[in-house]
2 protein chains.
Amino acid sequence: MDKTDKKLLDILQNDATLSVGAMAEAVHLSTTACWKRIQNLEERGVIRKRVALLDPAQLKLGMTVFVTVKTNHHDLQWLQAFSQVVRDMPEVVEFYRMSGEVDYLLRIVVPDIQAYDQVYKRLIKDTRLSDVSSSFAMEELKNTTALPLDFV
Amino acid sequence: MDKTDKKLLDILQNDATLSVGAMAEAVHLSTTACWKRIQNLEERGVIRKRVALLDPAQLKLGMTVFVTVKTNHHDLQWLQAFSQVVRDMPEVVEFYRMSGEVDYLLRIVVPDIQAYDQVYKRLIKDTRLSDVSSSFAMEELKNTTALPLDFV
DNA sequence: TTTGAAAGTTCTACGTA
DNA sequence: TACGTAGAACTTTCAAA
């Protein structure tokens with residue numbers, strides 16, 4: 001993973017529509033050499049997948065809610081069941097097990113409060129949680145899929 | 001935005017490597033008809049961009065930190081300055097203004113605690129915050145860019 | 001590393017309902 | 001306005017110089 005690979009990743013994670021030829025030019029390589037590097041990054045799994053990012057506003061998904069969860073259950077079996085239920089909810093776009101005060105943190109994307117309430121009810125019904133707290137995002141100031149490559 | 005468009009969006013936000021021909025088959029359309037729909041979704045901005053998603057683990061970005069921020073400054077000028085500083089930090093991948101107890105929530109991606117401490121210092125130095133609290137993710141159970149299309 | 005060519009894909013032109 | 005056929009232009013992919 002040299003400087004050229006890093007440059008290619010930087011390009012790809014910001015815009016994956018460029019042709020191999022255009023990227024080759026940007027990193028001063030022949031098309032084939034560049035193509036082989038990208039191929040290699042894909043095989044090694046450094047590039048996980050290529051996706052289209054949609055505009056939440058246009059899909060009427062204007063509401064982002066962060067939900068923190070505390071639980072009394074700390075056995076593996078409960079965790080696995082809980083994890084499965086939450087992962088299967090398409091409204092939950094992020095889901096972490098946390099250190100500290102809170103046990104789990106979820107980011108939920110929905111059209112409005114009513115839809116959120118449905119998701120909330122499903123959550124507490126299906127998993128028996130001791131303490132659930134919701135915080136609403138008023139404004140999304142930044143949200144990027146581009147990872148910082150400064151450390152690489 | 002009919003059922004076919006929705007299906008195309010669903011495909012595209014999960015895998016944008018399929019050819020137009022393959023997608024056309026999936027939605028029972030000719031290649032051209034399908035191509036025009038995708039073109040249209042792009043022009044309307046429903047499809048915002050196409051990107052490659054990278055594997056954080058392989059880039060040694062194994063640490064995710066959620067940072068909550070409270071501030072005494074509530075004027076627009078301070079907000080804009082603060083917002084600019086934070087948005088320009090590549091380690092900050094998400095950044096929201098919140099309702100309730102906390103004023104701002106940041107998701108930060110770094111290789112390790114040392115790197116996080118650097119980011120933390122930069123944050124408090126550049127913006128003069130009254131209360132900053134960090135929570136560490138122990139495990140990423142779900143993280144998807146695919147928005148729920150059930151409401152569309 | 002580069003050339004080059006086969007296979008595949010995107011995109012345009014034009015016609016139909 | 002939405003779809004289809006056909007083909008030109010471009011891109012990807014890979015073998016061989």
Side-chain angles (χ1 to χ4, degrees), chain A residues 1-62 90 111 143-147 149 152, chain B residues 1-59 61 144-152:
Chain A
M1 170 87 68
D2 61 6
K3 220 170 172 177
T4 303
D5 278 350
K6 192 175 143 183
K7 185 75 211 276
L8 287 172
L9 291 175
D10 185 43
I11 293 171
L12 279 165
Q13 73 172 344
N14 285 294
D15 182 2
T17 65
L18 298 186
S19 70
V20 179
M23 286 189 277
E25 218 174 302
V27 299
H28 313 294
L29 272 176
S30 72
T31 305
T32 308
C34 183
W35 180 80
K36 277 183 188 156
R37 277 174 182 266
I38 294 169
Q39 208 61 10
N40 189 245
L41 289 165
E42 240 143 32
E43 268 156 29
R44 284 157 57 201
V46 180
I47 297 172
R48 271 203 317 118
K49 61 198 303 207
R50 290 155 182 263
V51 300
L53 301 180
L54 311 184
D55 180 358
Q58 292 221 38
L59 299 166
K60 311 232 159 104
L61 294 169
N143 185 3
T144 182
T145 54
L147 300 174
L149 299 178
V152 181
Chain B
M1 171 86 70
D2 62 5
K3 219 168 174 179
T4 304
D5 279 350
K6 191 175 144 182
K7 185 79 210 274
L8 288 173
L9 291 175
D10 186 43
I11 293 171
L12 279 166
Q13 72 171 345
N14 285 295
D15 183 1
T17 66
L18 298 187
S19 69
V20 179
M23 287 189 276
E25 217 173 305
V27 298
H28 313 294
L29 272 178
S30 72
T31 305
T32 309
C34 183
W35 181 81
K36 277 185 187 154
R37 276 173 181 267
I38 294 167
Q39 207 63 9
N40 190 244
L41 289 164
E42 241 143 32
E43 268 156 29
R44 283 157 56 199
V46 180
I47 298 172
R48 272 202 316 118
K49 61 198 306 203
R50 288 154 184 266
V51 299
L53 301 180
L54 311 184
D55 181 358
Q58 293 222 37
L59 299 166
L61 294 168
T144 182
T145 55
L147 299 174
L149 298 178
D150 312 326
F151 305 106
V152 181

Peer 1: Could you give the CG-to-P distance, from A:L12 to D:dT12, as a whole number of Å?
Peer 2: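 Going from A:L12 (CG) to D:dT12 (P), I get 11 Å.
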Peer 1: Please walk me through it: do B:R37 and B:D5 pass salt bridge (charged side-chain N to carboxylate O under 4.0 Å, His left out)?
Peer 2: CA-CA 7 Å; B:R37 276 173 181 267; B:D5 279 350; 2.9 Å; yes
Peer 1: What is the separation between atom CG on B:D2 and atom P on D:dT1, rounded to the nearest whole Å?
Peer 2: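 Spelled out: CG on B:D2 to P on D:dT1 is 15 Å.
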Peer 1: Quickly work out the A:R50 CZ to C:dT9 C1' distance and round it to whole Å.
Peer 2: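 Atom-to-atom, A:R50 to C:dT9, this comes out as 15 Å.
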Peer 1: Considering non-hydrogen atoms only, spot the tightest contact between B:A26 and B:I11 and give its length.
Peer 2: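 Between these two residues, the closest heavy atoms are CB-CD1, 4.0 Å.
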Peer 1: What string of B, S and - do you get for nucleotides 10-17 of chain C 5' to 3' if you count protein non-hydrogen atoms under 4.0 Å?
Peer 2: SSBB----
Peer 1: Separation of B:I38 atom CD1 from D:dA2 atom P, in whole Å?
Peer 2: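 Going from CD1 in B:I38 over to P in D:dA2 covers 15 Å.
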Peer 1: Return the minimal non-hydrogen interatomic distance between A:L8 and A:M23, and the atom names on each side.
Peer 2: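 Result for this residue pair: CD2-CB, 4.1 Å.
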Peer 1: With distance as the sole test, does A:D10 use its side chain to make a donor-acceptor pair with the main-chain N or O of A:K6 at under 3.5 Å?
Peer 2: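 Here the side-chain-to-backbone pair does not exist.
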Peer 1: Pick one: which of A:E42, A:K36, A:R44 meets side-chain hydrogen bond (donor to acceptor under 3.5 Å, both in side chains) with A:N40?
Peer 2: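 Checked A:E42, A:K36, A:R44 against A:N40; only one passes side-chain hydrogen bond (donor to acceptor under 3.5 Å, both in side chains): A:R44.
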Peer 1: Atom CD of residue position B:Q39 - does it have more than 12 heavy atoms of other residues, nucleotides or ligands inside 6.0 Å?
Peer 2: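 Counting other residues, nucleotides and ligands, CD of B:Q39 exceeds 12 neighbours.
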